[in-house]
Amino acid sequence: MEYNFQEIEQKWRKFWADNQTFKAKDASDKEKYYVLDMFPYPSGAGLHVGHPLGYIASDIYARYKRLKGFNVLHPMGYDSFGLPAEQYAIQTGQHPDTTTKENILRYRDQLDQIGFSFDWSREVRTSDASYYKWTQWIFIQLFESWYNNKTQKAEAISELISHFEKEGNANIEACSDCEKSFSAEDWKQFSEAEKETILQEYRLAFLADSWVNWCPALGTVLANDEVINGVSERGGHPVEQKLMRQWSMRIKAYAERLITGLEKVDWTESIKDIQRNWIGKSVGCSLEFKVDASTGSANHKIEVFTTRPDTVFGVTFLVLAPEHPLVAELTTADKKEAVEKYIKASSLKTERDRQANVKNISGEFIGSYAIHPFTGEKVALWIGDYVLASYGTGAVMAVPCGDQRDWDFAKHFDIEIKNIFENIDISEQAYSEKVGKIADSDFLSGLEIKEATKKAIEKIESLNIGKGKTNYRLRDAVFSRQRYWGEPFPVYYQNGLPKMIDAKHLPIVLPEVKNYLPTPDGQPPLGNAKEWAWNNVESRIENVELIDNQTIFPLELNTMPGWAGSSWYFLRYMDSQNENEFVSKKQVDYWKNVDLYVGGSEHGTGHLLYSRFWTKFLFDKGFIGFDEPFKKMINQGMILGRSSLAYRLNYALIDHSTPEKTTFDGISGPTVFITKTYYDQCKPNIINAEIHKNKALIKKFEILLEKSGVYYNDYMIDSISEIHLDISLIDNDILNIEAFKNWREDYKDAEFILEEDGTFICGSLIEKMSKSLYNVQTPDELVTKFGADTLRMYEMFLGPLEQAKPWDTKGINGVSNFLRKLWRLFNFDEQGNAQLNQGEVSKDNLKTLHKCIQKVTDDLNRFSFNTGVSNFMICVNELTEQKCASKEILEQLVILISPYAPHIAEELWVKLGNEAGTISYAQFPSFNPEYLVSDAFSYPISFNGKVRFNIEFPVGMDSKEIESQVLAHENTAKYLEGKTPKKMIVVPGRIVNVVV
RNA sequence: GCCCAGGUGGCGGAAUUGGUAGACGCGCUGGAUUCAAAAUCCAGUUUCGCAAGGAGUGCGGGUUCGAUUCCCGCCCUGGGUACCA
């Protein structure tokens, strides 16, 4: 009986679904294990072979953990709010909900085909009102909280208010934008609006006018991580800075904990680095420079932030950002014109231009001076757009000897460069290393840089002209989007002040709109749903006083960004049906955080940061008992496409009898493609002369032209073009010429210059999978052709999980053959009964099996699934060779392989006489080292003539035993040449040191 | 520029703490089986050499009895990030 994967796989998929085999139990004596995949955005294109890579790996691991006796939670869902569905809606009028649901059906169908062990009863969709109800609820919690730096956690805003009532904002250490101080008295006299304005500066979710990345083409704002090189991540549209009133998240409050928390998670160093860089912690101090009274108002001080207070005696000028608030006042009359011109010019520069002209040094002297706090010298004030208004204090103290940009600036404008480093030459460039000694610096002279830094801060603090400070590059996250297809805010406005809609009225359900574009008067798309906005408020808010003005909406019309729903979804899986809580305490205390998270590293600065932030917040508020969401993470590499290329000769036919008449004037020869060999010969120089030198190619080309019957009397080959071909036309780089001719109308009459053996070989190129490059491979066709088990094993076999790698189906036969070999081990007769031996197990069989168990277990623990597949192949090859037909051996092997190839394993399990479905929770085999005993002391490996050599000895053997056997061995005698060893050292592994 | 990862046959890639480099698979070559093909099976396949034997894990050095593995310098590829003071 042949291995009929189609029948088998269909049968078991149905069995698993009917019996809910993988439904996770909420209460169990077993230890829990939570394996999670990053849930997909259900795009219209469906899954390609890259998507399942991580899912297969996590599925293998989840199945392995079940076999190891864990209660495994392995859910799946959809991140179903997003831009593409909305843009599709704008184009076609189709409701995003409709297209999203269709796409989800397709995804589900494709996922099901691969045989994942997901617990679908827990599925979540971020765009379901029953889900985003809780996203809205979490938003309210954030609004009602502030961050207390003393306790290092988020606390209720009501506590902050009662503190304000008692003693104003003295003795409050908060993460806040509030700069003024007020007393309890002040607070009581503030109007409601004034109070709220202050509270907004403390809330973790707050409204603020902020400079945002505005993308005109998309009509929305973007978060920093959604902007790449000055253009939008989606679509690549230009992004500009715009001041807008937006909801934001005070993620800065968690900057420090987001860094320190990385120490307790098991992630790769590279992704931790990405996060550390993104948060961008820098430790230094602030320092005040008084403005020189002769040139400006002496009351003004310029505060700078520096990480190098040790270099303070090297300061020769200060640079302010062009937008710095003091610039206008401190500019002297004679410099006014030039300075204003400069400010204008830099404000017109887009973010992109600024980035493009990094090497361009520009700036203006504004005419006035500051006083050096230690030397009392005058230091010139400059403006320059290399200083950013939004980082630090918007002003820097320039130390040209210690900072390359300051050095360049000083050189360019011919400003003094003071050297304050001992024995360092700074004539060619700045010295920015942090080792060495400081010189010519008063109380810092002679100190090591580290010491000097400490001392400088002490001095600055004691003089009360600054203090030690830590700055973060991380900006607060903009949380408003001018979009339709996202979560509505649970926010209404009363007298212009934002208020939360009571949680009992949630969810605020997304309305139907006729038009998904912004309204003519510039409101976001939800502005098209006037009635919805009014009704929601009137029906939910008691005694609400609404501003009776038709143009102002009482409800927030922005929606939340894509990362809102994905920041907490892993919690919802634990209790997805709960209508009363986002997750019950009982469930979250049992399942805790995700033990293994699998997904791409491209989310390093987005999703992974935001979900850590929300987790820490929910922890602070006592809703959950842990503050890191993902304990261990594996980042699977991207699967790249392998495009196929054919090479087209671009040539002109010339008719000398009618001068200048060429192909372009009507003589058309056939489209000619040349096989890869000829292309490679011409490749180094694709200029006509080189092509014409290739005699063999030219001869074939001429024969071809002759055959085509076109009239010409000369020709000129101009160049060779690479043409992308649909990969379905190619098998092992050999082109199916007939299929190719039918592929596109213009190639119907194409001619081919072939290899010597008559085939046409295509070239290839590794690049991103894309429809337009004809290199997209969907899993569907492979599942049909080879089966899900083969696909699963093949995707793992391709290479290390974490590496980016090209997709290539060349080797899939090998995996397919392997599964058939495995099937054949069972010696099925016509009736499908396995012909196996019971009871007798050969030593060789045992050794093969246990070697396999040992290696495969190790591979699983190391997430090295590619070597896992290889080890199965070795095992099956050996068992085939040994003609193993032992029931006991095969039963163990089937369990072992079931995480990788679950369908065939289920079938074979039943064929062995076991109850259907029980394999999913069977006992994972453990290896017995006794069976791994090798033939001891078979051969010495190397010998340096004097002291050491390598010997293979049996696992677990006593070292005394080894010593005596080494001495007794004939090879030892050969090397020792009659001498007695002084000492013998047995090193774990396979090394024996014999000292003569 | 800075940070991180990587560089091994014709190809994807193994080599877990320094110990027979190239496992396993693809491809290729030869053979068996077959009327024939597919499928299957057997043998070979880093390179130079008829062979004995050399050389060999991006390049140059080093440590070591022994280095793909550790150290120093360089080159290349991929990823992250960027006037962040």
Side-chain angles (χ1 to χ4, degrees), chain A residues 2 228-229 268-278 280-282 284 304-308 311 318-319 321 354-355 357-362 384-388 390-399 402-406 408-409 432 471-475 601-602 604-605 635 637-638 640 732-733 764 793-794 797-800 802-818 820-821 824 855 858-859 861-862 864 866-877 880 939-952 987-993:
Chain A
E2 273 301 298
I228 293 170
N229 292 330
T268 59
E269 273 311 307
S270 71
I271 199 149
K272 286 184 185 181
D273 273 334
I274 289 173
Q275 294 215 340
R276 284 189 202 108
N277 288 339
W278 187 257
K281 180 179 182 174
S282 51
V304 300
F305 173 75
T306 179
T307 56
R308 296 294 303 277
T311 62
L318 299 189
V319 187
R354 280 207 192 188
Q355 281 173 8
N357 297 322
V358 164
K359 298 244 148 51
N360 268 4
I361 297 159
S362 70
D385 64 9
Y386 81 93
V387 177
L388 303 177
S390 53
Y391 183 78
T393 59
V396 300
M397 59 177 222
V399 184
D403 182 289
Q404 192 57 44
R405 286 156 317 178
D406 297 345
D408 292 339
F409 197 89
S432 53
N471 258 333
Y472 299 92
R473 199 179 73 99
L474 183 73
R475 311 286 165 84
S601 58
E602 67 272 19
T605 55
N635 305 112
M638 202 199 304
L640 302 165
N732 271 331
D733 288 346
S764 63
M793 293 197 96
Y794 183 60
F797 187 62
L798 269 179
E802 313 208 44
Q803 219 170 73
K805 48 198 167 272
W807 177 254
D808 192 338
T809 49
K810 264 197 322 203
I812 199 166
N813 288 323
V815 174
S816 178
N817 287 344
F818 155 74
R820 283 207 298 273
K821 269 190 205 170
R824 256 182 269 125
K855 295 213 164 182
D858 192 40
D859 293 332
N861 291 332
R862 290 187 301 137
S864 177
N866 54 331
T867 54
V869 176
S870 292
N871 285 320
F872 282 123
M873 289 176 171
I874 294 168
C875 178
V876 167
N877 282 345
T880 304
Y939 45 89
I941 299 158
S942 65
F943 183 66
N944 78 337
K946 277 180 189 158
V947 286
R948 282 161 225 202
F949 53 97
N950 295 356
I951 291 175
E952 191 175 327
V987 181
R990 293 180 296 166
I991 308 142
V992 179
N993 293 343

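Lettering follows sequence order; numbering is per chain, from 1.
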Quick note, A:Lys805 side chain, CB onward, closest among B:C24, B:G13, B:C83 is B:G13

Starting at atom CZ of A:Arg473, determine the distance to atom P of B:C3, rounded to an integer number of angstrom. 16 Å

Which residue lies toward the 5' end of RNA chain B, A:Glu269 or A:Gly811, if each is placed at its nearest nucleotide? A:Glu269

Nearest-Å distance once atom P is located in both B:A5 and B:G54: 38 Å

Closest to the A:Met873 side chain: B:C84, B:C26, B:G25? B:G25

Students often mix this up, so state it plainly: with edges at 30° and 60°, are the rings of A:Tyr794 and A:Trp807 parallel, tilted or perpendicular? perpendicular

Integer angstrom distance from the P of B:U16 to that of B:G6: 14 Å

In whole Å, measure the gap between the C1' atoms of B:U57 and B:C76 for me. 16 Å

Please classify the nucleic acid contact of A:Gln803 as base, sugar-phosphate, or nothing, using heavy-atom distances under 4.0 Å. sugar-phosphate

Complementary nucleotide for B:G78 - Watson-Crick or wobble, under 3.5 Å: B:C4

Does B:A55 have a Watson-Crick or wobble partner in any strand here, with both distances under 3.5 angstrom, and which is it? B:U46

What contact category does A:Asn877 fall into here, base, sugar-phosphate, or nothing, at under 4.0 angstrom with non-hydrogen atoms? sugar-phosphate

Parallel, tilted or perpendicular: which fits the ring planes of A:Phe409 and A:Tyr386, with parallel below 30° and perpendicular above 60°? tilted

Provide the distance between the two P atoms, one in B:G79 and one in B:G30, to the nearest whole Å. 41 Å

Go through B:A14, B:A85, B:U81 for me and flag the one nearest to the A:Tyr391 side chain. B:A85

5'-most by nearest nucleotide on RNA chain B - A:Asp406 or A:Ile874: A:Ile874

Taking the side chain of A:Lys810 as its heavy atoms from C-beta onward, which of B:U16, B:A82, B:C11 lies nearest to it? B:C11

Taking atom C1' in both B:G49 and B:G56, what distance in whole Å separates the two? 15 Å

Just to be sure I understand the rule, does A:Lys281 reach a base, reach only the sugar-phosphate, or reach nothing, if contact means heavy atoms closer than 4.0 Å? nothing

Paired to B:U40 by Watson-Crick or G-U wobble criteria (both distances under 3.5 Å) is B:A32

Which listed nucleotide (B:U40, B:A82, B:C3) is nearest to the side chain of A:Arg820? B:U40

Please identify each residue that fulfils side chain to side chain contact (heavy atoms under 4.5 Å, CB included) with A:Thr880, with sequence neighbours left out. A:Leu825, A:Val876

Report which part of the nucleic acid A:Pro806 touches: base, sugar-phosphate, or nothing (heavy-atom distance under 4.0 Å, all strands). nothing

Since syn is defined as within 90° of 0, does B:G9 count as syn or as anti? syn

Would you indicate which nucleotide in B:C11, B:C24, B:U81 comes nearest to any side-chain atom of A:Phe797? B:C24

Which nucleotide, B:A85, B:A39, B:A82, lies nearest any side-chain atom of A:Val387? B:A85

Go ahead and name the base partner of B:C83; Watson-Crick or wobble counts if both distances stay under 3.5 Å, otherwise write none. none

With side chain to side chain contact (heavy atoms under 4.5 Å, CB included) as the criterion, how do A:Asn635 and A:Glu602 come out once you've worked through the C-alpha distance, each side chain's angles and the decisive distance to 0.1 Å? CA-CA 9 Å; A:Asn635 305 112; A:Glu602 67 272 19; over 6 Å; no

Quantified in whole Å, what is the P atom distance between nucleotide B:C11 and nucleotide B:G27? 15 Å

How long is the span from the OG1 atom in A:Thr605 to the CD1 atom in A:Ile271, to the nearest 0.5 Å? 9.0 Å

When you measure from the side chain of A:Asn813, which nucleotide among B:U40, B:C24, B:G27 comes out closest? B:G27

Within the 4.0 Å heavy-atom criterion, would you say A:Asp859 contacts the bases, only the backbone, or no part of the nucleic acid? nothing

Ignoring the backbone of A:Arg824, work out which of B:A85, B:A15, B:C41 is nearest its side chain. B:C41

Whether A:Arg276 and A:Asp273 form a salt bridge (side-chain N of Lys/Arg under 4.0 Å from carboxylate O of Asp/Glu) is what I want to check. yes

For A:Ser870, which residues count as a side chain to side chain contact (heavy atoms under 4.5 Å, CB included) partner, sequence neighbours excluded? A:Phe797

Closest to the A:Asp858 side chain, choosing from B:C4, B:U16, B:A82: B:U16

Side-chain donor/acceptor of A:Arg276 to base of B:C4, under 3.5 Å: no

If the P atom of B:G1 is compared with that of B:C24, how far apart are they to the nearest Å? 43 Å

B:A21 and B:G66: how far apart are their P atoms, nearest whole angstrom? 14 Å

Tell me what A:Ser270 touches on the nucleic acid: a base, only sugar-phosphate, or nothing, going by heavy atoms under 4.0 Å. sugar-phosphate

Tell me: CD of A:Gln404 to C1' of B:G1, nearest whole Å? 10 Å

